[in-house]
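These numbers come from a predicted model, not from an experiment.
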Amino acid sequence: MSFWTQVKSPGLLRLLSVRVLSQISDGAFQAALAFSILFNPDRHTDPLAVAGGFAVLLLPYSVLGPFTGALLDHWDRRRVLVWVNVLRAVAVLGVAIATSSGAPDTVVLLAALLVTGCSRFVASGLSAGLPHVASQSVIIEVNAVFTTLGAAMLAVGAGGVGAAARALRRR
């Protein structure tokens, strides 16, 4: 089977669509977090908040990253993807409420840490599901394309929020 025939399979397209939507939403969330904490003139961001913002983005990859694959091997991946996405949606709502209510940066950053931790589980679950929907003959190519496309969608999500913020600011 050729690469393009494999990519058109329903399971692979479903996995790709979840990955694309997840990465776009992660990019949008990260940009919104940066605008609300780091570049918000009302908050008067101090160096500790900047360090906290970077910790929120990097800690899940450093602390959770090595263990997510092993945990996903013991749990039902589909169930994990569903419940982690539900938890991520609730956590995003919590970040929005904390930010709009003027909660301290620590509260916002802890809620954002939960969101990025959930995103790490989603990314690992999608990668772990790839061998179940792609044949061995194209798994390396599909993984490379999915990873590259995911990074591009992260930028699209971040850029979309940035463009929307600039458009709102001009009004």
Side-chain angles (χ1 to χ4, degrees), residues 1-39 53-93 95-96 111-168:
M1 253 185 188
S2 75
F3 174 77
W4 294 110
T5 306
Q6 281 286 315
V7 172
K8 293 178 185 175
S9 74
L12 207 52
L13 285 175
R14 230 181 351 253
L15 195 68
L16 177 62
S17 64
V18 170
R19 182 167 192 117
V20 164
L21 290 173
S22 177
Q23 293 294 114
I24 288 173
S25 67
D26 285 345
F29 176 77
Q30 290 173 9
L33 184 66
F35 281 114
S36 68
I37 291 184
L38 302 179
F39 304 119
F54 281 113
V56 162
L57 296 177
L58 299 175
L59 266 177
Y61 292 95
S62 303
V63 175
L64 286 178
F67 305 106
T68 54
L71 291 171
L72 288 169
D73 286 342
H74 296 301
W75 299 333
D76 180 26
R77 291 182 187 121
R78 282 183 245 160
R79 189 171 288 159
V80 169
L81 283 175
V82 168
W83 286 109
V84 166
N85 274 312
V86 168
L87 178 61
R88 182 169 61 165
V90 170
V92 167
L93 184 62
V95 170
L113 185 62
L114 180 61
V115 173
T116 54
C118 289
S119 296
R120 184 68 202 132
F121 266 98
V122 170
S124 293
L126 293 172
S127 294
L130 196 57
H132 298 285
V133 294
S135 71
Q136 290 295 328
S137 62
V138 294
I139 191 99
I140 294 171
E141 293 90 350
V142 169
N143 190 35
V145 169
F146 276 29
T147 303
T148 305
L149 191 59
M153 292 302 106
L154 189 70
V156 165
V161 168
R166 281 192 299 269
L168 287 174

Exercise. What residue pairs, at least two apart or across chains, pass salt bridge (Lys or Arg N to Asp or Glu O under 4.0 Å) with a residue in residues 65-83?
Worked result: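 Qualifying pairs, neighbours excluded: Asp73-Arg77.
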
For this session: Quick one: which residue pairs count as a salt bridge (Lys or Arg N to Asp or Glu O under 4.0 Å) with a foot in residues 16-32, not counting sequence neighbours?
Result: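 Sorted pair list: Asp26-Arg88.
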
Using a 4.5 Å cut-off on heavy atoms from C-beta on, say whether the side chain of [Y] contacts that of [X].
X      : Y      : value
Val133 : Arg14  : no
Leu114 : Val95  : no
Leu149 : Met153 : yes

Between the side chain of [X] and the main-chain N/O of [Y], is any donor-acceptor distance below 3.5 Å?
X      : Y      : answer
Gln23  : Gly150 : yes
Asn85  : Leu81  : yes
Thr147 : Ala144 : no
Ser127 : Ser124 : no

Considering non-hydrogen atoms only, spot the tightest contact between [X] and [Y] and give its length.
X      : Y      : result
Val115 : Ala91  : CG2-CB, 3.4 Å
Ala158 : Ala31  : O-CB, 3.6 Å
Gly129 : Leu15  : C-CD2, 4.1 Å
Leu72  : Phe121 : CD1-O, 4.1 Å
Ser22  : Ser25  : O-OG, 2.8 Å
Pro60  : Ala55  : CD-O, 4.0 Å

Problem set entry | Separation of Leu130 CG from Phe146 CZ (nearest 0.5 Å) |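 Separation between the atoms: 6.0 Å.
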
